[in-house]
Number of protein chains: 2
Amino acid sequence: MTFSEENYLKSIYTLQKEHPKGVSTNVLSKYLDTKPASATEMIKKLDEKGLVHYQPYQGVILKDSGAVSALKVIRKHRLWETFLANKLDFSWDEIHDVAEQLEHIKSDKLIRELDKFLGYPKHDPHGDPIPDEAGNIAKLEKKRVSQLQPGDTGTCIGVNDTSSSFLQFLDQQNIRLGSVLEIVNIQEFDKSMTVRIDDRELLLSQIATEHIYVRI
Amino acid sequence: MTFSEENYLKSIYTLQKEHPKGVSTNVLSKYLDTKPASATEMIKKLDEKGLVHYQPYQGVILKDSGAVSALKVIRKHRLWETFLANKLDFSWDEIHDVAEQLEHIKSDKLIRELDKFLGYPKHDPHGDPIPDEAGNIAKLEKKRVSQLQPGDTGTCIGVNDTSSSFLQFLDQQNIRLGSVLEIVNIQEFDKSMTVRIDDRELLLSQIATEHIYVRI
DNA sequence: TATATTTTTTAGGTTTGCCTAAACTTTAAT
DNA sequence: ATTAAAGTTTAGGCAAACCTAAAAAATATA
């Protein structure tokens, strides 16, 4: 399987969630930053290989074999992201591009050993679940803080805004990966929230609560 | 720079030691398992890019810029080999193929962080020196045990024969990476050697001494 | 419903890196 | 010195993955 085939499968897997009846060549090519004509070509090839189901003008969906292949690439991507963030000094926003390259390395032993070395992590640094060797994947239980109700708790797993001012703010407030937040209450008029972290209470603006992800 | 260009530069660098006046397309293509015509093509391209010096029928040599590029790839290869052997459970003979893939990952930060994570190693698991960021590389001081004289000492850095029977033999004799050997004497008639390891003396056949590498 | 717009596919082209076969140099041997 | 052998280059092709432009199909609008 070529790098390009792997990238298409992975993209179709991702886009299928929003387009369950079929991912169009338009959507796919936009996501991959290529042209629709290129997507058509590749989809035909993947169809001939039995990895996807394709009907002209109807978009594409993964067959089981295609989904398994996609999940193997996703597993590799997320394990490498975990390695970069946990073992090397990469920050959240730096890991993706390098993992895009590393995910294509072909070696079953490598990925088994890496998994072991990392302590068999269940989630990557963004809070996304890591599929197992067979391609089983846990449901994502990731929400924005803004989606929680008073009394709910969540573990901080990532952010949506990587501007240095926002990251600095989080740092000042001692909010980091793994911090446990509990919603104390919500102000009706501006949707700001009071949250408890490490036995301290602090107020987060609506903007802030929309940019922080937690695993529930 | 493409994977293929990197592989050609690395190969030319390696082959230049044995062919200092120029690496022929024949030698190069044999080493890379391609055809001479393909090597000619690639060499022309590298020449146009100013990375090598090429005269038809006279073979190819690296220019300084080409040597720097080659050494960057070699640096990555050797750091990854060190990672696989020291951090993951890869054996000597398994690391090469995976490192051949990993060496092409493009990220300066990745390789700097990896170097730091590994503790700035000077040699890879085969005992070969790891070039620094600028492309400076230490002279290789690697010899077969058979090349040593009585009184010489060396640190075991690798083997030439990865048959399980040989590796088992080394294991039984407690000879491993990092073991320090001292030559006690050499039998004239069969070139077998008595060596001291960890205050024990043991006899190695000529065959064995030719298959063990040491750094002196 | 007929037409206009958007989306998708087809057709033909490009680049990279490989190939084979034929032509050409160089080197070796008589 | 000539010829034979070996090595190298050129010429023409192929597959992968991309592209643009034109044709065809699907969808939206009047």
Side-chain angles (χ1 to χ4, degrees), chain A residues 1-13 15-16 18-62 66 69-70 73 100-101 103-106, chain B residues 1-13 15-16 18-62 66 69-70 73 100-101 103-106:
Chain A
M1 185 135 48
T2 65
F3 284 20
S4 201
E5 287 173 333
E6 290 186 341
N7 283 333
Y8 272 93
L9 288 174
K10 192 168 63 114
S11 303
I12 296 166
Y13 180 90
L15 294 169
Q16 242 177 209
E18 284 213 45
H19 305 272
K21 353 174 169 126
V23 179
S24 73
T25 54
N26 217 8
V27 165
L28 187 53
S29 63
K30 219 157 260 166
Y31 187 77
L32 281 165
D33 199 27
T34 60
K35 300 289 156 177
S38 308
T40 303
E41 249 188 305
M42 178 57 85
I43 287 171
K44 276 180 170 173
K45 195 171 79 165
L46 294 173
D47 183 75
E48 271 158 33
K49 290 192 174 192
L51 294 164
V52 304
H53 180 73
Y54 167 60
Q55 283 210 284
Y57 298 99
Q58 303 307 133
V60 64
I61 39 176
L62 293 177
S69 296
V73 180
E100 282 290 301
Q101 298 181 61
E103 73 189 7
H104 299 298
I105 302 292
K106 278 155 191 64
Chain B
M1 182 135 49
T2 66
F3 285 21
S4 201
E5 288 173 335
E6 290 187 339
N7 283 333
Y8 272 93
L9 288 175
K10 192 169 61 116
S11 303
I12 296 166
Y13 180 90
L15 294 169
Q16 242 178 209
E18 284 212 46
H19 305 272
K21 352 171 170 130
V23 179
S24 71
T25 55
N26 215 10
V27 165
L28 186 53
S29 62
K30 220 159 259 167
Y31 187 77
L32 282 164
D33 200 25
T34 60
K35 300 289 157 178
S38 307
T40 302
E41 254 187 301
M42 178 57 84
I43 287 171
K44 276 179 170 174
K45 196 171 79 164
L46 294 173
D47 183 73
E48 272 159 32
K49 290 193 173 190
L51 295 164
V52 302
H53 179 73
Y54 166 60
Q55 283 210 282
Y57 297 101
Q58 304 307 132
V60 64
I61 38 180
L62 294 176
S69 297
V73 181
E100 282 290 302
Q101 297 181 63
E103 73 189 9
H104 299 297
I105 303 292
K106 276 155 191 66

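Every chain is numbered from 1 and lettered A, B, ... according to where its sequence line falls, protein lines coming before strand lines.
- Between A/K45 atom NZ and D/dA15 atom P the separation is 12 Å, expressed in whole Å.
- We find that OH of B/Y54 is positioned 6 Å from P of D/dT10, with the value rounded to whole Å.
- Side-chain contact between A/L46 and A/Y8 is present, with at least one heavy-atom pair separated by less than 4.5 Å.
- Taking side-chain N and O atoms only, A/T2 has a distance below 4.0 Å to OP1 or OP2 of D/dA17.
- Both A/G59 and A/E41 lie near DNA chain C, and the one whose nearest nucleotide falls closer to the 5' end is A/G59.
- No side-chain donor-acceptor contact under 3.5 Å links B/S38 to the backbone of B/T34.
- In terms of phosphate contacts, B/T25 brings a side-chain nitrogen or oxygen within less than 4.0 Å of OP1 or OP2 of D/dT9.
- When rounded to the nearest whole Å, the span between CE of A/M1 and C1' of D/dA16 equals 15 Å.
- The span of DNA chain C lying next to chain A, judged by atoms under 4.0 Å from heavy atoms, is bounded 5' to 3' by C/dT7 to C/dT10.
- Between A/E48 atom CD and D/dA16 atom C1' the separation is 14 Å, expressed in whole Å.
- Using a 4.0 Å heavy-atom distance criterion, B/F3 is classed as making no nucleic acid contact.
- Remark: P of D/dT9 and CE of B/M42 are 15 Å apart, rounded to the nearest angstrom.
- Following rounding to the nearest Å, B/K44 (NZ) and D/dT9 (C1') show an atom-to-atom distance of 7 Å.
- If you take OG on A/S69 and NZ on A/K49, they are separated by 9.5 Å, rounding to the nearest 0.5 Å.
- The A/K35 side chain lies nearest to D/dT20 when the options are D/dC18, D/dT9, D/dT20.
- A donor-acceptor pair under 3.5 Å is formed between the side chain of B/E5 and the backbone N or O of B/T2.
- Of the side-chain N and O atoms in B/S24, one or more sit less than 4.0 angstrom from OP1 or OP2 of D/dT8.
- The CD-C1' distance, from A/E6 to D/dA16, rounds to 15 Å in whole Å.
- Using bins of under 30°, 30° to 60° and over 60° for the plane-to-plane angle, the ring pair A/F3/B/F3 lands in the perpendicular bin.
- Checking B/A37 against A/Q58, the closest nucleotide of DNA chain D that is more toward the 5' end is the one next to B/A37.
- Heavy atoms of B/S38 sit under 4.0 angstrom from at least one base atom.
- Contact annotation for A/P36: base contact, defined as any heavy-atom pair under 4.0 Å involving a base atom.
- In the displayed structure, B/K106 atom NZ is contacted under 6.0 Å by more than 12 heavy atoms of other residues, nucleotides or ligands.
- At least one side-chain heavy atom of A/K10 sits less than 4.5 Å from a side-chain heavy atom of A/N7.
- As rounded to whole Å, 12 Å separates atom C1' of D/dA15 from atom NZ of A/K49.
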